[in-house]
Amino acid sequence: MSEFLQGWKRTDYCTNFTVDDVEKEVTLMGWVQTRRDLGALIFVDLRDRTGLMQVVFDESKLQTDFSPAEHLRHEFVIAVKGPIVLRDEETINDKLPTGLIEVSVRELKILSRAQTPPFEVDDETAVREEKRLKYRYIDLRRPSMQHNMLVRSRISAAAREYLTNNGFLDIETPMLTKSTPEGARDYLVPSRVHPGSFYALPQSPQTMKQILMMSGFDKYFQIVKCFRDEDLRADRQPEFTQIDIEMSFVDVDDIIEMNEGLIAHIFKKVMDVDIELPLRRISYRDAMDRYGSDKPDTRFGLELVNVSDIVEKSDFKVFASVVKNGGSVRAINAKGCVDKFPRRQIDALVDFVKIYGAKGMAWISMKEDGIQSPITKFFTQDELDALLERTDAQTGDLIFFVGDKGKVVFDSLGNLRLKLAETLGLIDESVYDLLWVVDFPVFEYSEEEKRYTAMHHPFTSPKDEDAEKIVTDPENAYAKAYDIVLNGNEIGGGSIRIHDTKLQAKMLEALGFSEEEAWENFGFLLEALKYGTPPHGGIAYGLDRLAMIMLGRESIRDVIAFPKVQNASDPLTSAPSKVSAKQLVELGLKIEE
RNA sequence: GGCCCGGUAGUUCAGUUGGUUAGAACGCUAGCCUGUCACGCUAGAGGUCGAGAGUUCGAGUCUCUUCCGGGUCGCCA
């Protein structure tokens with residue numbers, strides 16, 4: 001039987017006592033971590049979210065029946081009363097923060113018994129994630145998970161603190177919203193009152209926060225759930241949390257400056273790390289050219305080198321034709337790695353880049369006894385000399401080449417770069433490397449849809465001088481968009497928005513919307529823009545991803561209390577699930593078998 | 001939708017070329033023990049080898065199908 005508190009009040013958390021509290025009568029409550037039963041003397045490590053305190057059941061000192069103490073088991077929830085006592089010199093445990101003291105129990109209440117847990121509540125045994133998620137309530141008791149949740153909570157608290165102190169208002173936006181085209185798939189919610197019509201869960205509060213700017217709330221923030229019905233990844237969940245921010249009467253530099261203050265505040269508060277400001281900025285173009293990625297990890301070198309002009313006229317047809325057809329040939333020099341990658345491992349790397357669409361990868365091995373390479377025979381001595389000079393090739397180096405259309409080259413070499421750095425141990429895990437990527441293109445061309453799509457979103461403002469180009473020269477139109485990158489991960493992104501009705505209409509037209517479609521989908525925004533809209537812009541951070549990186553975790557699930565697994569289901573509750581026929585009828589829905 | 005990895009006791013794992021009764025550690029149960037803290041000692045329980053089919057005299061091991069989990073490409077304004 002579970003006992004009730006009957007007036008007992010917890011004095012404090014387990015680890016909030018020190019030698020100064022000796023002889024103080026205290027009441028502690030928590031879970032039984034371990035029991036060491038010596039007969040007429042039983043030690044129990046009592047656990048709460050702060051840590052452990054040893055409590056001692058001595059048959060001679062207990063004021064109540066001793067036998068309940070003998071029957072304590074893992075994960076029982078108990079309350080104990082008794083004085084804090086100093087441990088004898090030889091029984092001090094220097095592994096515990098509370099190792100100098102213990103509680104000499106006079107009274108015990110068993111508040112709840114527990115079945116033997118399916119796995120042990122400690123960080124020592126790595127339990128299969130399937131199991132952990134099914135019994136998430138037990139998994140979350142483990143010290144590492146308690147810590148993750150604590151840090152996550154501190155990050156949002158620090159963000160709230162900074163933003164509130166700087167005049168931002170926390171305003172909620174609806175979860176039941178209008179489905180819009182563009183972007184990710186929506187999670188849909190059927191309307192009972194309007195059969196056949198659906199709400200969408202927000203992919204982000206983007207349009208709502210813009211409307212709040214039009215309403216005069218010139219500094220807004222919200223820590224808010226967002227939903228995208230796309231496939232999961234180690235760093236991607238279908239529902240995730242954004243720190244969402246929008247400001248009026250600002251341009252790019254104002255937003256960047258404010259956010260640098262925010263980021264520095266979070267790192268100081270949560271990790272006691274000083275971030276050097278201002279952060280570096282790199283253009284999208286440079287990021288791609290040098291790192292093959294718009295979220296470059298700049299903690300190490302291995303930069304890409306463009307050799308298109310050298311191989312363009314060579315007899316190596318593969319490379320020459322790639323350049324002729326508008327692609328490029330680029331290289332990475334793995335300095336001094338000639339011996340670290342024997343032929344078989346080079347073949348594995350060639351297979352690796354094929355994942356990203358590369359048809360192959362060439363290489364030059366700068367061996368002590370001469371150059372080894374499958375491609376050098378196609379080049380003249382001049383061309384070869386130029387290649388070696390451009391790539392800074394020296395004896396001992398290993399140089400990789402990929403030639404293909406733009407995206408494939410960047411994806412292949414960008415990811416090869418990361419893989420090489422990981423394999424070679426070039427990454428300093430102790431640094432927080434933050435930078436802005438700026439000057440994104442407005443559009444990217446979608447091969448699938450045969451049209452331009454918004455690289456950021458359709459409300460992103462082009463640069464002042466590129467306003468015309470969105471129609472006349474979309475390829476070369478650049479946007480007032482920026483991403484903030486931490487250790488090679490995009491942790492936030494935003495833009496200055498379009499605050500002019502005509503420009504917004506033109507943008508939608510450039511994206512292939514007819515006037516009718518534009519009004520049908522975004523009419524509320526186009527209409528609102530007409531009634532006095534301040535220039536505005538903002539940013540949204542992925543809180544989960546930020547927490548994951550700050551904690552050095554490899555899975556976003558480790559910083560989310562109740563995450564979904566890869567097929568977007570929840571092993572704890574078994575969501576999603578079938579619903580009753582009655583519910584379907586009410587919603588006017590029929591399921592096709 | 002494609003590719004790769006994994007699934008053996010409650011947990012984490014081992015299991016040789018296909019060969020007797022599938023093992024270890026931790027956990028669990030019972031007993032003993034007044035200074036343990038990875039407590040110790042004694043005894044014990046615990047297995048649909050993810051599921052199904054096939055090959056074989058014989059399958060945890062080989063083949064096929066399938067389920068579950070992870071990673072990844074596509075996808076993710």
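This is a predicted model, so every value here is computed, not measured. First the proteins, then the strands, lettered A, B, ... as listed; each starts at 1. Side chains are part of it too, since the values below use all heavy atoms of this structure and drop only hydrogens, waters and symmetry mates.
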Using only modelled atom types and a 3.5 angstrom limit, is any donor from either the side chain of [X] or the base of [N] paired with an acceptor on the other?
X      : N     : answer
A/E130 : B/G7  : no
A/Q566 : B/U72 : yes
A/D231 : B/G74 : yes
A/E129 : B/G6  : no

Please check if the number of heavy atoms outside A/K578 that lie under 6.0 Å from its NZ is greater than 12.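 12 or below, so no.
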Tell me whether the guanidinium CZ or amine NZ of A/K225 lies under 6.0 angstrom from the six-membered ring centre of A/F240 and within 45° of its axis.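 Geometry flag: not set, cation outside 6.0 Å or 45°.
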Determine the Euclidean distance between corresponding P atoms of B/C37 and B/C26; express it in Å to zero decimal places.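 After rounding to an integer number of Å, I get 15 Å for this pair.
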Between A/R233 and A/R228, who's closer to the 5' end of RNA chain B by nearest nucleotide?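 That would be A/R233.
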Which residue lies toward the 5' end of RNA chain B, A/N567 or A/K131, if each is placed at its nearest nucleotide?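 In this pair, the answer is A/K131.
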For [N] and [X] - does any side-chain N or O of the residue sit under 4.0 Å from the phosphate oxygens OP1/OP2?
X      : N     : result
A/R35  : B/C37 : no
A/H74  : B/G27 : no
A/R545 : B/C76 : no
A/R36  : B/C39 : yes

Tell me the closest heavy-atom pair linking A/D186 and A/S179, and the distance in Å.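 Heavy atoms of A/D186 and A/S179 come nearest at OD2-OG, 2.6 Å.
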So if I take every side-chain heavy atom of A/I355 and compare against B/G7, B/U36, B/U72, which nucleotide ends up nearest?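 Within the option list, the nearest is B/U72.
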salt_bridge(A/D244, A/K209) N-O dist < 4.0 Å: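 A salt bridge is present here (some side-chain N lies under 4.0 Å from a carboxylate O).
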